[in-house]
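The basis for the numbers below is simple: all heavy atoms, side chains too, and nothing from hydrogens, waters or symmetry mates.
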Amino acid sequence: MTVKAFIFDLDGVLTDTAEFHFIAWQATAHHLGLEFTREDNEALKGVDRVGSLQLILDKGKLTVSEEQFEQLLADKNKHYLELINDINPGNLFPGVLDCFAVLKAKGIKIGLASASKNAAFVVDKLGIADLFDFIGDAASVANSKPAPDIFLSVAQGLGLAPEDCLGVEDAVAGVSAIKAAAMYAVGIGEKSVLTQADIVFPTTGEMDVQQLLS
Ligand code: BG6
Ligand code: MG
């Protein structure tokens with residue numbers, strides 16, 4: 001396989017916003033009188049906003065009105081936006097810029113496949129928006145992760161076949177999405193969690209780009 005593009009997830013891969021999503025969802029759960037641990041959070045990683053709230057409600061065997069559901073989503077996003085208000089290029093994970101530089105030097109395209117509707121805002125704050133050849137739009141795909149849609153739309157946006165692309169993800173749902181898109185899946189995190197990934201590195205900075213390209 002000759003890799004022509006790296007398609008990155010955002011939250012938890014390029015920056016630690018996954019932690020802010022966790023803090024905000026935990027506050028939502030507590031507001032509902034539910035416990036919410038880091039372990040519970042693994043199932044939410046990579047899952048879109050509506051799906052995440054549904055998982056919390058399902059776990060607590062709770063139902064809310066449509067109006068309450070919308071309010072909970074709005075409150076969570078407001079809290080999340082407050083938490084990320086001060087993020088800046090310093091919040092990029094170590095090694096991300098070096099990795100992008102290596103990819104660019106080798107003529108490998110760079111895509112972004114985030115489930116977050118805040119992705120454009122976040123990459124702007126991180127100062128990396130211009131480094132992407134294509135940024136996927138979570139709002140415009142029919143099915144969210146673990147469905148392959150966002151990864152397929154980014155491959156299309158890059159003008160490449162899915163088989164020419166490699167995906168990088170920290171979430172179980174995200175790795176499933178990459179595999180469903182028939183791409184090579186690089187997991188960031190723990191091998192015991194990201195069992196579907198083709199290869200796993202503990203952190204983005206430890207990702208061996210040369211090895212992945214050979
Ligand atoms: C994903 C995160 O990238 O985006 C999830 O892993 C998050 O935790 C999802 O829920 C949706 O984000 P947003 O910003 O649209 O609420
Ligand atoms: Mg992620």
Side-chain angles (χ1 to χ4, degrees), residues 3 5-26 38-39 41-48 52 80-106 108-136 138 145 150-151 154 158 165-178 183-194 196-213:
V3 181
F6 272 44
I7 302 179
F8 293 91
D9 170 48
L10 173 64
D11 301 314
V13 168
L14 301 180
T15 181
D16 200 13
T17 37
E19 181 66 16
F20 298 130
H21 279 295
F22 166 63
I23 293 168
W25 282 128
Q26 190 178 51
R38 280 184 187 277
E39 206 186 348
N41 188 55
E42 284 304 319
L44 268 68
K45 280 188 183 171
V47 175
D48 69 2
S52 296
Y80 175 68
L81 289 175
E82 282 163 13
L83 292 170
I84 64 167
N85 190 47
D86 295 331
I87 65 165
N88 58 63
N91 287 88
L92 275 172
F93 278 142
V96 169
L97 290 180
D98 289 344
C99 168
F100 279 23
V102 171
L103 294 174
K104 286 204 177 288
K106 292 188 178 291
I108 309 289
K109 288 185 175 169
I110 302 174
L112 185 76
S114 173
S116 173
K117 297 197 170 111
N118 295 302
F121 176 69
V122 172
V123 292
D124 203 43
K125 284 217 157 224
L126 294 172
I128 56 170
D130 294 344
L131 300 180
F132 293 99
D133 295 292
F134 189 81
I135 294 181
K145 299 171 188 177
I150 186 82
F151 281 96
V154 175
L158 291 169
C165 304
L166 170 160
V168 189
E169 266 285 356
D170 68 313
V172 174
V175 170
S176 298
I178 298 172
M183 295 178 187
Y184 186 84
V186 177
I188 302 296
E190 286 177 39
K191 251 187 195 162
S192 58
V193 176
L194 304 172
Q196 261 194 291
D198 294 299
I199 190 167
V200 177
F201 297 98
T203 66
T204 308
E206 287 163 279
M207 195 168 70
D208 189 340
V209 178
Q210 306 291 355
Q211 183 194 345
L212 292 171
L213 290 174

Inter-residue atom distance [X].[atom1] - [Y].[atom2], 0.5 Å rounding:
| X | Y | atom1 | atom2 | value |
| --- | --- | --- | --- | --- |
| T17 | F93 | OG1 | CZ | 7.5 Å |
| K145 | S114 | NZ | OG | 5.5 Å |
| L213 | K106 | CG | NZ | 6.5 Å |
| T204 | D170 | OG1 | CG | 8.0 Å |

Would you say [X] has more than 12 foreign heavy atoms packed within less than 6.0 Å of its [atom1]?
| X | atom1 | answer |
| --- | --- | --- |
| N88 | CG | yes |
| E206 | CD | yes |
| E19 | CD | yes |
| K191 | NZ | no |

Quiz prompt | is_close_aromatic(F6, F100), centroid dist under 6.0 Å | solution = no

Kindly indicate whether the side chain of [X], heavy atoms from C-beta on, has any atom under 4.5 Å from the side chain of [Y].
| X | Y | value |
| --- | --- | --- |
| L126 | V96 | no |
| M207 | V186 | yes |
| K104 | I110 | yes |

Quiz item: Taking D11 for the side chain and D9 for the main chain, is one N or O donor matched with an acceptor at less than 3.5 Å?
Solution: no

